[in-house]
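Since the structure comes first, as structure tokens, the remarks are kept for the end.
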Amino acid sequence: MSSATAASAWSDQTDENFGDLFKEFIKYSETREGNVAMGTVLRIEKDNVIVEVPGLKSEGRVPLREFALLQAKGELQPGDEVEIYVERFENSHGETVLSFEKALREKAWEKLEKASESGQRVQGTIFGRVKGGFTVDLGGAVAFLPGSQVDIRPVRDIEPLMGIAQPFVILKMDRRRGNIVVSRRAILEESRQEARKEILQNILEGQVMEGIVKNITDYGAFIDLGGVDGLLHVTDISWKRINHPSEMLTLGQTVKVMVTKYNQENQRISLGMKQLESNPWDNIEARFPTGLKMRGTVTNITDYGAFVDLGDGIEGLVHVSEMSWTKKNIHPGKIVSTSQEVDVVVLAVEPAKHRISLGMKQCEANPWEAFAKNHKEGDLVEGEVRNIADFGVFVALDGGIEGLVHASDLSWDQAGEEAIKAYKRGDMVKAKVLEIDVEKERVGLGIKQLVEGKGNTASSGSGSSASGDLKKGSTVTCTVTAVSDDGIEVDANGSKGFIKRSDLSRDRSEQRPERFAAGDRVDANVVSVDKKSGKLTLSIKALEVDEEKRAVAEYGSTDSGASLGDILGAALNKASEEQGKAKKTKKA
């Protein structure tokens, strides 16, 4: 019905209520293309619903599928009034084109626009996937939900969120293009802020909480406690040592943690997982006493040793020096491998530092002790040259150990550097045992010592045969021949010697070479004699120490209260008296 017809009907019915007629007029006037109007369901056919809209020339057919939701609820019956969208008054067949879905969409858009302007949340349901995100039904209008706006954290599985009515925030609307963009993340962030305030107000050290692993770094993991993050340091994940947090944690994993520290000023929360378990280091000394031999598994290898799992979350370190009696200066990885079971001995336990020192070589017989038991100084040995260094030659001995022939003990006639050139790896050599030090794991060998008397001949050839009569510790009177900054050169009964600056006196103030002059005579003790050159190393300081010891032994003890001056004074007085008696005897 046109507007003119409506006006004519209105004029013929003057006895009717003016207000009702005016509403009827408005209803007719709104019935135009592109508008939503009220219609009445006349009948329901197989695939269509016949709807009459006041003011239209003919009835309209609407596909039954557009009423699927109402039909499923049993809310679609003939005579029901429904909002309908008028697309065209008539198509090529002269029929009115109507749409129930578009009416819902138009109604939804009006509602959504009001919500967007006021910042209100809207209810929607995720129902499909599209490139870059998902589609959301907002009560008839379809919106786009970007993947980044689904959750605060990346969501691996969206299925649990689909088909469930939930709140969204409208980020952008464009009715002309029919675009709506919504966010679920904004809702969660608002809730997160509220939860954060509540958590920070009520959090206490020692409190046990549940959280989700949000991020993993080399030094620990960040745990989301439901609005606030806490740091779980790698050392607080487990009582046993782990190299990286990823060995025990995965992203998205739910974990129980304890608040170990909370700084209210910067709102930093420190967390711990191992604190929820009993400390395996309690009473550790009783469980792992020194000397205990046990079996463990190698868990990690470093440049300085290997860590061994002893069970119950306890690990000990086998330092590289404690791995083998004979394999020295090699990487631990060449001795053991990860996951290998090894026998170890507990060497030391430090409960406060959570450290246990272990030894592997102690589980085997000490080859150095065996060598010392079977050999003595002066014995002859034979072995293969294993290695050559600037300072000497290493020779293989019994039990897998090595002895060192120092460069100075290779030859009487050649200097060390020259003598070393005569040897190469693999050579078989004979040597004499000069020294055995089990504690330091050393065996000193000599090759030149195999030639008897060669040292004396060398000394005689140098014209200093008198040095052969001087022994270490003996006292000799010397004549100063030269003075230098480092000390003084002397002549001791035909043998050349040297006294270092530090050996010129016990008193540091008297350790000055300039106190002496060529021709001065001094007494000194023999410190050493170079067998090859016959040159002496002497010390005035050593002589003074010896004289003091003799004086204390003969005239008293400093512990009894007598001073060193008293003791030496008494010694000098006695010597003076004896000299006086000797003179009187001589005169008589």
Worksheet item: Can Gln149 and Arg184 be counted as having a side-chain donor-acceptor contact under 3.5 angstrom?
Response: no
Worksheet item: For Asp437, which residues count as a salt bridge (charged side-chain N to carboxylate O under 4.0 Å, His left out) partner, sequence neighbours excluded?
Response: none
Worksheet item: Does Glu322 reach the main-chain N or O of His319 with its side chain, forming a donor-acceptor pair under 3.5 Å?
Response: no
Discussion item. Is any side-chain heavy atom of Val443 closer than 4.5 Å to one of Phe371?
Written reply: yes
Practice prompt. Could you pull out all residues at least two apart from Lys334 that satisfy salt bridge (charged side-chain N to carboxylate O under 4.0 Å, His left out)?
Written response: none
Worksheet item: With side chains defined as the heavy atoms from C-beta onward, is the minimum distance between Tyr262 and Leu200 less than 4.5 Å?
Response: yes
Fill in: Salt-bridge contact Glu210-Lys256 (side-chain N to carboxylate O under 4.0 Å)
no
Worksheet entry | Separation between CG of Asp236 and NZ of Lys261, rounded to the nearest 0.5 Å | 11.5 Å
Worksheet item: Which atoms form the tightest heavy-atom contact between Thr217 and Phe222, and what is the distance?
Response: CG2-CE1, 4.2 Å
Worksheet entry | Residue pair Trp239, His354: steps toward the side-chain contact (heavy atoms from CB on, under 4.5 Å) verdict | CA-CA 9 Å; Trp239 288 109; His354 288 184; 3.6 Å; yes
Item to complete: For residues Asn179 and Lys172, determine if any side-chain heavy atom of one lies less than 4.5 Å from a side-chain heavy atom of the other.
Response: no
Worksheet item: Do Leu358 and Val345 touch side chain to side chain, with heavy atoms closer than 4.5 Å?
Response: no
Practice prompt. Determine yes or no for a side-chain-to-main-chain donor-acceptor pair under 3.5 angstrom, with Thr338 supplying the side chain and Asn300 the backbone.
Written response: no
Worksheet item: Would Leu171 and Val182 satisfy side-chain contact (heavy atoms from CB on, under 4.5 Å), going step by step from the backbone distance to the final call?
Response: CA-CA 5 Å; Leu171 299 180; Val182 295; 5.9 Å; no
Worksheet item: Partners of Glu315 by salt bridge (charged side-chain N to carboxylate O under 4.0 Å, His left out), sequence neighbours excluded?
Response: Arg241
Worksheet item: Shortest non-hydrogen contact from Gly124 to Leu138?
Response: CA-CD2, 3.7 Å
Worksheet item: Thinking salt bridges, do Glu190 and Arg185 make one under a 4.0 Å N-O criterion?
Response: no
Worksheet item: So does Asn266 have more than 12 non-hydrogen atoms from other groups sitting under 6.0 Å from CG?
Response: yes
Discussion item. A quick test of your reading: do over 12 heavy atoms of other residues, nucleotides or ligands sit less than 6.0 Å from CZ of Arg442?
Written reply: no
Item to complete: Find the distance between CG (Leu292) and CG (Leu347) and round it off to the nearest 0.5 Å.
Response: 11.0 Å
Item to complete: Among Asp229, Asp151, Asp224, find the residue that satisfies the salt bridge (charged side-chain N to carboxylate O under 4.0 Å, His left out) test when tested with Lys214.
Response: Asp229
Fill in: Asn243 backbone acceptor or donor facing Glu247 side chain under 3.5 Å
yes
Fill in: side-chain contact (heavy atoms from CB on, under 4.5 Å) between Leu225 and Val257, worked out
CA-CA 9 Å; Leu225 301 175; Val257 291; 4.1 Å; yes
Discussion item. Looking at Asp309 and Lys240, is there a salt bridge between them, counting it only when a charged N and a carboxylate O are closer than 4.0 Å?
Written reply: no
Worksheet item: When rounded to the nearest 0.5 angstrom, what is the spacing between CD in Glu341 and OG1 in Thr297?
Response: 4.5 Å
Item to complete: Before giving the answer on side chain to side chain donor-acceptor pair (under 3.5 Å), spell out for Gln166 and Gln123 the whole-Å C-alpha distance, their side-chain angles and the decisive distance to 0.1 Å.
Response: CA-CA 6 Å; Gln166 51 194 310; Gln123 287 293 114; over 6 Å; no
Discussion item. Using 0.5 Å steps for rounding, measure from the CD atom of Gln340 to the CD1 atom of Ile335.
Written reply: 10.5 Å
Worksheet item: Is there a donor-acceptor pair under 3.5 Å between the side chain of Thr125 and the backbone N or O of Gly163?
Response: no
Practice prompt. Go through the steps for Met173 and Leu112 under the test side-chain contact (heavy atoms from CB on, under 4.5 Å), then give the verdict.
Written response: CA-CA 9 Å; Met173 288 188 71; Leu112 292 173; 3.9 Å; yes
Worksheet, complete the sentence: Taking every heavy atom of Ile180 against every heavy atom of Ala141, the minimum-distance pair comes out as CD1-CB, 4.0 Å
Worksheet entry | Expected output: side-chain Ser118 to main-chain Lys114 donor-acceptor under 3.5 Å | yes
Worksheet item: Between CD1 of Ile152 and CD1 of Ile187, what distance do you get to the nearest 0.5 Å?
Response: 11.0 Å
Practice prompt. For atom NZ of Lys274, decide whether the heavy atoms of other residues, nucleotides or ligands shown that lie under 6.0 angstrom number more than 12.
Written response: yes
Discussion item. Looking at every heavy atom in both Ile237 and Pro245, which two are closest together, and how far apart are they?
Written reply: CD1-CB, 3.8 Å
Item to complete: Could you check if a side-chain atom of Ile356 sits within less than 4.5 angstrom of a side-chain atom of Trp281, using non-hydrogen atoms only?
Response: yes
Worksheet item: Do you know which of Val308, Val342, Asp343 makes side chain to side chain contact (heavy atoms under 4.5 Å, CB included) with Arg295?
Response: Asp343
Fill in: Inter-residue atom distance Ser246.OG - Leu251.CG, 0.5 Å rounding
9.5 Å
Practice prompt. Using a strict cut-off of less than 4.0 Å between a Lys/Arg side-chain nitrogen and an Asp/Glu carboxylate oxygen, indicate whether Arg287 and Asp312 qualify as a salt bridge.
Written response: yes
Discussion item. With a sphere of 6.0 Å drawn around CD of Gln264, does it hold more than 12 non-hydrogen atoms of other residues, nucleotides or ligands?
Written reply: no
Worksheet item: Do Thr260 side-chain atoms and Ser270 backbone N/O form a donor-acceptor pair below 3.5 Å?
Response: yes
Worksheet item: Heavy-atom distance under 4.5 Å between the side chains of Pro280 and Asp282, does that happen here?
Response: no
Worksheet item: Pro289 and Ala286: which non-hydrogen atoms are nearest, and at how many Å?
Response: CD-O, 3.7 Å
Discussion item. Any salt bridge linking Arg129 with Glu159? Criterion: basic side-chain nitrogen under 4.0 Å from a carboxylate oxygen.
Written reply: yes
Worksheet item: Can you find a pair of side-chain heavy atoms, one from Ile126 and one from Phe168, that are under 4.5 Å apart?
Response: yes
Worksheet, complete the sentence: Taking every heavy atom of Asn202 against every heavy atom of Gln207, the minimum-distance pair comes out as O-OE1, 3.7 Å
Discussion item. What I want to find out is whether Glu441 reaches Lys361 closely enough, with some N-O distance under 4.0 Å, to be called a salt bridge.
Written reply: yes
Worksheet entry | Validation row: Pro367, Thr326 side chains within 4.5 angstrom (heavy atoms) | yes
Practice prompt. Inspect the surroundings of CG in Asp390 and state if more than 12 heavy atoms from other residues, nucleotides or ligands are less than 6.0 Å away.
Written response: no
